[in-house]
Structures are given as C-alpha cells and as structure tokens.
Amino acid sequence: MNGLAIHFGVGVVFAADIVGYDLSLGMIIGIILTGTLAAVGTAGVPGAGLIGMSIVFTQAGLPIEIVGLTAGVNVITDMIFTTCNVTGDIVGAAVVDKSEKKHSDYNEPLVDITAQTMTK
C-alpha cells in the first residue's frame, strides 16, 4: 500500500498548509513512519484511507476535523494513489520473477510424473 502511505503524507502536508501549521523536520519524519505503519494496517477497500488519515493527523497534532477537508479531494487523489499501488505491485512482482529465474533451473521439472506412474 505504498500509494496510501504517500497519500497520508501528502494529506498531512496539505492540511497543515491550510491551517497554517508549521511542520518541523522531526514531525515530518514522524509522519513518514506513522503513515507507513498506518498504510500497512489499513484495509484495501475504497474510502479506508480517510480512516487511516485520522491516525496520521492525530500524530501530527492536527485537529481531526481536517479529515473533512481532505474528503472532498479524496475521490480524485485516490485514483492517483491507486495507480501508485498497482505500479509498485507490478515492479515488486517483476523483481521477484527475475530473482527466481536466477536461482532455479526451469529446464528441470519439479516433479517427475513419469517415474512415479511407472513404478506403480
């Protein structure tokens, strides 16, 4: 859910800018960590990002009511961050595929079916 983690970070920076709240470097690092952990624990259903956003807003010291401000643009931004999720999953699958091709020989069958049927 890498797109959701980015969504949390962007949402907090957007909300802090609207309210006029200055974020220090330590707070930004805390937002990154909390956003990553909240993204891992959030269900992969539409609209669940708004619930997880409240966790990150609370950690940043922002009022919970600001979630309503981000809800208006959530429909548009959710599509963008879903694209990020899909792209990340595709890249991860490609890396695992390349890794597995290096460590195994596809010419050998995993199970020799002919030897098992002939012995019976």
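Residue numbers start at 1 and run along the sequence shown.
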Single-linkage hydrophobic cluster, 4.5 Å side-chain cutoff, Ile28 and Leu33 together: no

Pair Ile51-Thr42, side chain to side chain contact (heavy atoms under 4.5 Å, CB included): steps then yes or no: CA-CA 8 Å; Ile51 307 301; Thr42 303; over 6 Å; no

Thr36 side chain vs Ile32 backbone, donor-acceptor pair below 3.5 Å: yes

Shortest non-hydrogen contact from Ala5 toward Ala39: N-CB, 3.6 Å

Residue pair Phe8 / Met53: nearest heavy atoms and the distance that separates them: CE2-N, 3.4 Å

Where Thr77 and His7 come nearest, the two heavy atoms and their spacing: OG1-NE2, 3.6 Å

Linked, directly or transitively: Val13 and Val73 (ILVMFWY side chains, under 4.5 Å): no

Single-linkage hydrophobic cluster Leu62~Leu37, side-chain heavy atoms < 4.5 angstrom: no

Cluster overlap Leu50 with Leu69, hydrophobic side-chain contacts below 4.5 Å: yes

Taking every non-hydrogen atom, the tightest pair across Ile64 and Ser54: CD1-CB, 3.1 Å

Closest non-hydrogen atom pair, Ile66 against Ala15: CG2-CB, 3.1 Å

Shared hydrophobic cluster for Met27 and Val56 (ILVMFWY, side-chain gaps under 4.5 Å): yes

